[in-house]
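Here's the structure we're looking at; comments come further down.
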Amino acid sequence: MSTPDAIPVPPLNLVASFEQVRDEILAEMQEVAASGHYVLGPKVAAFEKALAEYCGVKHALGLSSGTDALLVAMMALGIGRDDEVIVPAFTFFATAGCVARLGARPVFCDIDPKTFNIDVKQLEELITLRTKAVIPVHLYGQMADLRPIFQAVNRHGIALIEDAAQAIGAVEPEPHRGKAGALGTFGCLSFYPTKNLGAMGEAGALLTNSDKLHDLATKLRLHGETSRYHHARIGGNFKIDALQAAILSVKLRHLDGWIEQRRARAAGYTERITAAGLAPDLVQPPAELHGRHVYHQYVIRAQRRDELAEFLRGRGIGAGVYYPVPLHMQECFAYLGGREGDFPHSERAAREVLGLPIYPELTDPQQGAVVAALATFYARRRATNA
Ligand SMILES: *Cc1c(COP(=O)(O)O)cnc(C)c1O
């Protein structure tokens, strides 16, 4: 029953994305190579300025990764032993891993099943006298609803750190229209190659509107140096390469165009899935419920998810599960005493979510092939169940 339109659809196409901006990037690389300035320096300063402008925030600080952005944010806030930080139970590992690395306690919170973002109601119930920060994650590229979270954190005098690693360019709904990462005490961005704005190596950035926190984070990036070889605080080596900053400056100019292409691909998937009669019983397409979704991932909920993922991969379609294990069930967090059943929405998401290939270069026939494969899978299931 295999269909003739089974064409390969890789999970990503980073080389095609490079080809679009090849000349601009190679020129920048040559310039950096000839400058002898390989870490921080003018290319980094220029990127930081452009990034802050794009995100609508006072300061952007280039860092070694998105993980390090989370780490530096919490170090700047003095988070450590005996402190609690609230994070979603369903997110990429780094969000919680950074809390634990600083000796603080990650406190997990369930998600809203419609948006996959942190459940604000439960979050409020989790705040204690030890809570130092809350880290909402703008998962898959859709912003969490920050306004009620602001009210909660402001009442308790705690910090809000946005994990905007998947959401650069996402915008809050009217009337606020703030951009992802620009609203919290800190916003953390990742430029890992697969992210919507991807470097050609590791990089990240920290956003803030506070002069004081920006200054502190800048020092922490250089081992907490206040003047050459004098250290007031313990920081780390969190510097960004000039090459990555130069590449990112080029790509930043194309980002909004790429986001529009991602949004068009997402709409295309939803249309095709609906037209094929798969929604909402077998497949639930993602919903854009809170402002401008940048579709870092196009994540469906699917019946028989694991079988489906295997079937798609067997046809050369790069479907990915983000994420199969909620954080309270991770082995390394067993000491926190998490149990199955603690966070039902996170657990259900971990069983049902499936990311379909999405990137600006994805073609119409490729999208057609993905949805045809979904239809074939469920038609076969029906036939064998009948
Ligand atoms: C990618 C990602 C990070 C970490 O970024 P790196 O640059 O890979 O260190 C953190 N949080 C989320 C939600 C991410 O998707």
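As the structure lists them, so they are numbered: ligands from 1, and atoms in each ligand from 1. One is the number of the first residue; the rest follow in order along the sequence.
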For the residue pair H328 and E347, confirm or rule out a side-chain donor-acceptor distance under 3.5 Å.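 There is such a pair between these side chains.
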Classify the side-chain pair E361/Q20 by whether it contains a donor and acceptor separated by less than 3.5 Å.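 Q20 and E361 do have a side-chain donor-acceptor pair below 3.5 Å.
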For ligand 1, is there an N or O atom under 3.5 Å from any N or O atom of [X]?
X	value
Y192	no
G66	yes
D163	yes

When you measure from atom 9 (O) of ligand 1 to every protein heavy atom, which one gives the shortest distance, and what is it?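 That would be T67 OG1, 2.5 Å.
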Among protein heavy atoms, which sits nearest to atom 3 (C) of ligand 1, and what does the distance come to when rounded to 0.1 Å?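 Among all protein heavy atoms, the one nearest atom 3 (C) of ligand 1 is F92 CD2, 3.6 Å.
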Where ligand 1 meets V137 - atom numbers and elements under 4.0 angstrom, heavy-atom basis: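 Reading through ligand 1 atom by atom, the close ones are 13 (C).
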List ligand 1 atoms under 4.0 Å from S190, heavy atoms only on the residue side.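 Heavy-atom distances to S190 below 4.0 Å select 1 (C), 5 (O), 6 (P), 7 (O), 8 (O).
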Just say parallel, tilted or perpendicular for the rings of [X] and [Y], cut-offs at 30° and 60°.
X	Y	value
H231	H223	perpendicular
H254	W258	parallel
F47	F191	perpendicular

On a heavy-atom basis, I'd like to know which of A165, G204, A69 is closest to atom 12 (C) of ligand 1.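 It is A165 that holds the nearest heavy atom.
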May I ask which of Q166, H138, K195 has a heavy atom nearer to atom 2 (C) of ligand 1 than the others do?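 Answer by nearest heavy atom: K195.
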Is any NZ, NE, NH1 or NH2 atom of the basic residue among R313 and E310 found under 4.0 Å from an Asp or Glu carboxylate oxygen of the other?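 Salt bridge: no.
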Among I118, V120, D119, which one satisfies side-chain contact (heavy atoms from CB on, under 4.5 Å) with Q122?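 By the side-chain contact (heavy atoms from CB on, under 4.5 Å) criterion, Q122 pairs with just one of I118, V120, D119: D119.
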